[in-house]
Participant: 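Right, I'll just put the structure down here and ask away after.
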Amino acid sequence: QVQLVESGGGLVQAGGSLRLSCAASGRTFSSYAMGWFRQAPGKEREFVAAIGWIGSSPYYADSVKGRFTISRDNAKNTVYLQMESLKLEDTAVYYCAARWGSSIYFRTTDYVYWGQGTQVTVSS
């Protein structure tokens with residue numbers, strides 16, 4: 001079992017930055033592929049970014065490519081999402097997800113474990 005706890009959400013003006021963190025329980029964090037998803041009101045949950053094992057290249061949704069950066073610190077059992085140049089359309093609840101595996105996964109059905117989500121609100 002893996003438990004995920006997100007933090008770092010909040011209210012930010014358009015053009016600003018936020019860093020989300022996702023702390024994972026368990027001793028095998030390095031063996032898990034991690035992903036970030038988001039869900040805006042009235043919309044389906046959508047893929048944002050994913051990262052495999054250390055050394056693998058991350059993968060991003062086109063809507064955030066060049067603005068968001070996913071990274072992981074296996075010593076701290078934590079995955080991060082650095083968000084820059086935030087736009088109004090980035091407003092959503094952001095979820096961290098995990099599954100065992102070395103590859104990059106970008107479908108919600110690929111992931112087994114989910115956090116409770118953290119709200120990100122971008123204002124004009």
Side-chain angles (χ1 to χ4, degrees):
Q1 284 283 351
V2 176
Q3 292 185 323
L4 305 172
V5 179
E6 302 99 333
S7 62
L11 175 65
V12 63
Q13 285 192 324
S17 303
L18 277 177
R19 187 176 82 156
L20 305 182
S21 299
C22 173
S25 64
R27 296 177 294 176
T28 57
F29 176 74
S30 60
S31 299
Y32 283 80
M34 305 297 296
W36 285 98
F37 291 76
R38 67 186 181 186
Q39 188 166 19
K43 295 188 177 181
E44 292 188 351
R45 193 169 299 188
E46 66 174 6
F47 170 77
V48 174
I51 190 167
W53 291 356
I54 288 290
S56 64
S57 297
Y59 188 83
Y60 300 94
D62 287 343
S63 58
V64 306
K65 201 173 295 183
R67 300 188 298 121
F68 290 12
T69 303
I70 187 172
S71 62
R72 66 189 299 161
D73 185 338
N74 289 341
K76 295 182 178 180
N77 280 17
T78 301
V79 63
Y80 303 97
L81 186 67
Q82 179 68 42
M83 306 185 293
E84 307 282 351
S85 302
L86 283 161
K87 304 176 180 180
L88 296 179
E89 53 264 40
D90 294 320
T91 295
V93 177
Y94 283 71
Y95 296 91
C96 173
R99 60 155 290 158
W100 189 92
S102 61
S103 298
I104 297 290
Y105 304 92
F106 45 85
R107 298 177 301 180
T108 56
T109 52
D110 289 330
Y111 289 88
V112 177
Y113 304 104
W114 291 85
Q116 82 289 350
T118 185
Q119 176 71 47
V120 172
T121 302
V122 183
S123 65
S124 59

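The analysis underlying the following values was restricted to heavy atoms, covering all of them including side chains, and did not include hydrogens, waters or symmetry mates. Residue numbers count from 1 along this sequence.
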Participant: Rounded to the nearest 0.5 Å, how far apart are OG1 of T91 and CG of L11?
Facilitator: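 Taking OG1 in T91 and CG in L11, the distance rounds to 8.5 Å.
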Participant: What's in the same ILVMFWY side-chain cluster as Y80, cut-off under 4.5 Å, chained through other members?
Facilitator: none
Participant: Kindly work out whether a path of hydrophobic side-chain contacts (I/L/V/M/F/W/Y, heavy atoms less than 4.5 Å apart) joins F47 to Y32.
Facilitator: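 As far as the 4.5 Å side-chain criterion goes, Y32 and F47 are not connected within one cluster.
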Participant: I need the Y94 OH to L81 CG distance, nearest 0.5 Å.
Facilitator: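 If I round to the nearest 0.5 Å, the distance is 7.5 Å.
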Participant: Apply side-chain contact (heavy atoms from CB on, under 4.5 Å) to F37 and Y111, showing your working.
Facilitator: CA-CA 11 Å; F37 291 76; Y111 289 88; 3.6 Å; yes
Participant: Give me the atom names and distance for the closest heavy-atom approach of A40 to A92.
Facilitator: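 Where A40 meets A92 most closely, the heavy atoms are N-CB, 3.8 Å.
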Participant: What's the shortest heavy-atom distance between M34 and A98, and which atoms?
Facilitator: SD-CB, 3.4 Å
Participant: How long is the straight-line distance from CD of Q82 back to CD1 of I70, given to the nearest 0.5 Å?
Facilitator: 12.5 Å
Participant: Considering residues at least two apart in sequence or located in another chain, which fulfil the salt bridge (Lys or Arg N to Asp or Glu O under 4.0 Å) criterion with E46?
Facilitator: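 Listed in chain order: R38.
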Participant: Distance check, rounded to the nearest 0.5 Å: L88 atom CG versus S123 atom OG?
Facilitator: 7.5 Å
Participant: When you look at CD of E89, are more than 12 heavy atoms from neighbouring residues, nucleotides or ligands closer to it than 6.0 Å?
Facilitator: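 For E89, atom CD is crowded (more than 12 foreign heavy atoms under 6.0 Å).
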Participant: Can you tell me how far apart OG (S31) and CZ (R99) are? Round to the nearest 0.5 Å.
Facilitator: 12.5 Å
Participant: Using the side-chain contact (heavy atoms from CB on, under 4.5 Å) rule, take Q116 and E6 through it: C-alpha gap first, then chi angles, then the decisive distance, then the call.
Facilitator: CA-CA 7 Å; Q116 82 289 350; E6 302 99 333; 2.8 Å; yes
Participant: Let me know which of T69, V48, L86 forms a side chain to side chain contact (heavy atoms under 4.5 Å, CB included) with V64.
Facilitator: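 Single pass found, and it is V48.
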Participant: Look at the aromatic rings of W114 and Y95 and report parallel, tilted or perpendicular, splitting at 30° and 60°.
Facilitator: perpendicular
Participant: Test of understanding: with salt bridge (Lys or Arg N to Asp or Glu O under 4.0 Å), list the residues that count as partners of D110, not counting sequence neighbours.
Facilitator: R107
Participant: Among the clusters formed by ILVMFWY side chains lying less than 4.5 Å apart, do V2 and I104 turn up in the same one?
Facilitator: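 No: no chain of side-chain contacts under 4.5 Å links V2 to I104.
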Participant: Taking OH in Y113 as the centre, count heavy atoms belonging to other residues, nucleotides or ligands within less than 6.0 Å. Is the count above 12?
Facilitator: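 Yes, because the 6.0 Å sphere around OH of Y113 holds more than 12 heavy atoms from other groups.
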Participant: Any Lys/Arg nitrogen of K87 or D90 sitting under 4.0 Å from an Asp/Glu carboxylate oxygen of the other?
Facilitator: no
Participant: Could you pull out all residues at least two apart from N74 that satisfy side-chain contact (heavy atoms from CB on, under 4.5 Å)?
Facilitator: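 Only F29, S30, I54, R72 meet the side-chain contact (heavy atoms from CB on, under 4.5 Å) criterion with N74.
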Participant: Same cluster or not: V122 versus L20, using hydrophobic residues (I, L, V, M, F, W, Y) connected whenever any side-chain heavy atoms lie under 4.5 Å apart?
Facilitator: yes
Participant: With K43, which residues qualify under salt bridge (Lys or Arg N to Asp or Glu O under 4.0 Å), at least two apart?
Facilitator: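 K43 satisfies salt bridge (Lys or Arg N to Asp or Glu O under 4.0 Å) with no residue once adjacent residues are dropped.
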Participant: Same cluster for Y59 and W53 if Ile/Leu/Val/Met/Phe/Trp/Tyr side chains link at under 4.5 Å?
Facilitator: no
Participant: Do V5 and L18 belong to the same hydrophobic cluster, where Ile, Leu, Val, Met, Phe, Trp and Tyr are linked whenever their side-chain heavy atoms lie under 4.5 Å apart, directly or via other members?
Facilitator: no
Participant: Could you tell me which residues satisfy salt bridge (Lys or Arg N to Asp or Glu O under 4.0 Å) with R19, sequence neighbours excluded, listed by chain and number?
Facilitator: none
Participant: Can you name the closest pair of heavy atoms from C96 and V79 and give their distance?
Facilitator: SG-CG1, 3.8 Å
Participant: For S103 and A33, which heavy atoms make the closest approach, and how far apart are they?
Facilitator: O-CB, 3.4 Å
Participant: Would you check, one step at a time, whether the test side-chain contact (heavy atoms from CB on, under 4.5 Å) holds for W100 with T28?
Facilitator: CA-CA 9 Å; W100 189 92; T28 57; 5.8 Å; no
